[in-house]
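All remarks here apply to the structure that follows.
Just follow the structure's listing: the first ligand is 1, and inside any ligand the first atom is 1.
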Amino acid sequence: MPFSKLGLTEPVTKAINELGYTEPTAIQKQAIPVVLTGKDLIAAAQTGTGKTASFVLPTLELLNNGHKLRGKRIQALVLTPTRELAVQVEASIEKYSKYLNLSSMAMYGGVDSAPQKQALIWGVDILVATPGRLLDMAHQRALHFDELKVLVLDEADRMLDMGFIDDINKIIERLPKQRQNLLFSATISTDVRALAKRTINNAVEISISPDESSKPKIDQWLVTVDKSNKSALLSFLIKEHQWQQALIFIETKHGAAKLVSQLEKRGISAESIHGGRTQAVREQILADFKSGKITMLVSTGIAARGIDIGELERVVNYDLPAQADEYIHRIGRTGRAGATGEAISLVSKDNFRELCAIESRLGHIITRKEFEDFPVKKIVPVSILNYVPKGKKQ
Ligand code: AMP
């Protein structure tokens, strides 16, 4: 099905054709017509499904009416949990709006606010922002919402995980009551549902089930390993399989620094990214990772939020995340639309609970691989996916 069938017009379809998008993804097929009619939308879709284009493309159409913005005004606001995601979404908007006369900007904390204030002076059609900096700007009257037409909450579950609920509520209080609301979230948890109830009326709900053909192709496997052997096993995997690139998730920033030095001792160059590094350093490291200058990037969960590297080959869970949803987010960094990715987890016995939660969430056991040189003393049992307590067997 061509994009034009969804109701998109030539300036938009031309830009996406040039990007090589031939077919809309499942979420795009469902969301674009709904957004074009001006309805509110709640969409359960993970990163990697093409969800950004599913709200950006129709929003561009809705805003492309020659409206003349007043200073310090915006027409659409996209709230994102992290600066990295804000930058990435704004970069997509720029590409998609190549043939339109609409402006966009990413705004986030951790950097000097003066240039951002300056950029707002003439108004911006689509502002992509993290909640904290946006509120700051609104308090300073650098920005007014009276011309806002569309609100997008992107990765709503992560914004809630990161504790942005108060900021989001304060922002929403300032917005015109008459507006279109679009909420995207990997999972529609109870908290997300509560946020949606307060913010959104009569929304159309869509859910991209993990079985859709558009689902990113991710080859998941795990290796059970004794904790003390983890860094040696990782070095072995990198060398043995000649990995060219990996994003390696680890629990703590101290752990990240330690792992980098352990890898380097074994002749593997690596870098780490975590909350303790300045914004400028994080951005440089990310740029170097994207360009391939850095091949092994060790990251804590928070630092990696919103990272989009078009052709990320592989993610490694050096430590399993505490939450099953976080696992889904992490592996979503690879296998993006069209490409096949690999997600590898190193699992020691004390991760058994997390493993059970993840495999139950996936609904299947993750393939295990064994390596002769790394025999396991503390065996990790096979997960129970549908555990029925004793005496309650049907
Ligand atoms: P997202 O889920 O928005 O993070 O998008 C994941 C990736 O898919 C991005 O790199 C997009 O450029 C790409 N993408 C989005 N829509 C399409 C499409 N219809 N065809 C091919 N690639 C797409």
Side-chain angles (χ1 to χ4, degrees), residues 1-8 12-33 35-36 41-61 76 78-98 104 106 126 128 152-159 182-187 206-210 212-218 245 247 286-287 289-291 304-315 325 328-341 343:
M1 180 206 270
F3 277 96
S4 55
K5 277 258 165 66
L6 298 175
L8 300 173
V12 174
T13 53
K14 190 171 166 200
I16 50 183
N17 285 339
E18 283 181 12
L19 291 170
Y21 299 5
T22 47
E23 275 272 316
T25 63
I27 176 102
Q28 290 162 4
K29 275 185 206 152
Q30 293 189 42
I32 291 173
V35 180
L36 283 175
L41 176 74
I42 298 175
Q46 288 160 23
T47 305
T49 53
K51 71 177 168 61
T52 312
S54 81
F55 62 81
V56 172
L57 302 178
T59 302
L60 291 175
E61 293 284 350
V78 183
L79 281 181
T80 66
T82 62
R83 33 201 165 195
E84 284 85 4
L85 185 62
V87 168
Q88 177 194 316
V89 169
E90 199 276 332
S92 299
I93 296 172
E94 257 182 46
K95 286 188 223 153
Y96 302 149
S97 63
K98 187 172 164 196
S104 58
I126 307 179
V128 188
V152 182
L153 299 171
D154 193 12
E155 302 206 352
D157 48 350
R158 309 198 114 207
M159 289 202 276
L182 314 175
L183 181 149
F184 289 78
S185 193
T187 47
I206 59 179
S207 171
I208 298 306
S209 98
E212 299 268 358
S213 58
S214 70
K215 185 185 109 179
K217 293 168 209 66
I218 305 169
Q245 186 196 46
L247 177 59
L286 274 180
F289 186 53
K290 287 182 191 187
S291 73
R305 282 189 173 151
I307 292 182
D308 179 35
I309 299 116
E311 286 137 40
L312 185 57
E313 287 171 17
R314 147 182 328 98
V315 297
D325 283 349
I328 307 280
H329 279 302
R330 287 183 183 178
I331 68 169
R333 308 278 154 229
T334 175
R336 301 186 149 245
T340 306

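In terms of modelled atom types and a separation under 3.5 Å, the side chain of Thr13 and the main chain of Phe3 share no donor-acceptor contact. Without hydrogens or angle criteria, Gln28 side chain to Gly50 main chain gives a donor-acceptor distance under 3.5 Å. In terms of modelled atom types and a separation under 3.5 Å, the side chain of Glu23 and the main chain of Met1 share a donor-acceptor contact. With Ser185 contributing its side chain and Asp157 its backbone, the two residues share a donor-acceptor pair below 3.5 Å.
Here is the list of ligand 1 atoms found below 4.0 Å of a heavy atom in Phe3: 19 (N). Which parts of ligand 1 touch Glu23 is read off a 4.0 Å heavy-atom cut-off, strictly below it: atoms 18 (C), 19 (N), 20 (N). Residue contact check: Thr52 has heavy atoms under 4.0 Å from atoms 1 (P), 3 (O), 4 (O) of ligand 1.
Between Tyr21 and ligand 1, at least one pair of N/O atoms sits closer than 3.5 Å. Below 3.5 Å of separation, one finds no N or O of Gln46 facing any N or O of ligand 1. Inclusion of Pro24 in the set of residues having an N or O under 3.5 Å from an N or O of ligand 1 is not warranted.
Taking 4.5 Å as the limit, some side-chain heavy atom of Glu61 sits within range of a side-chain heavy atom of Leu8.
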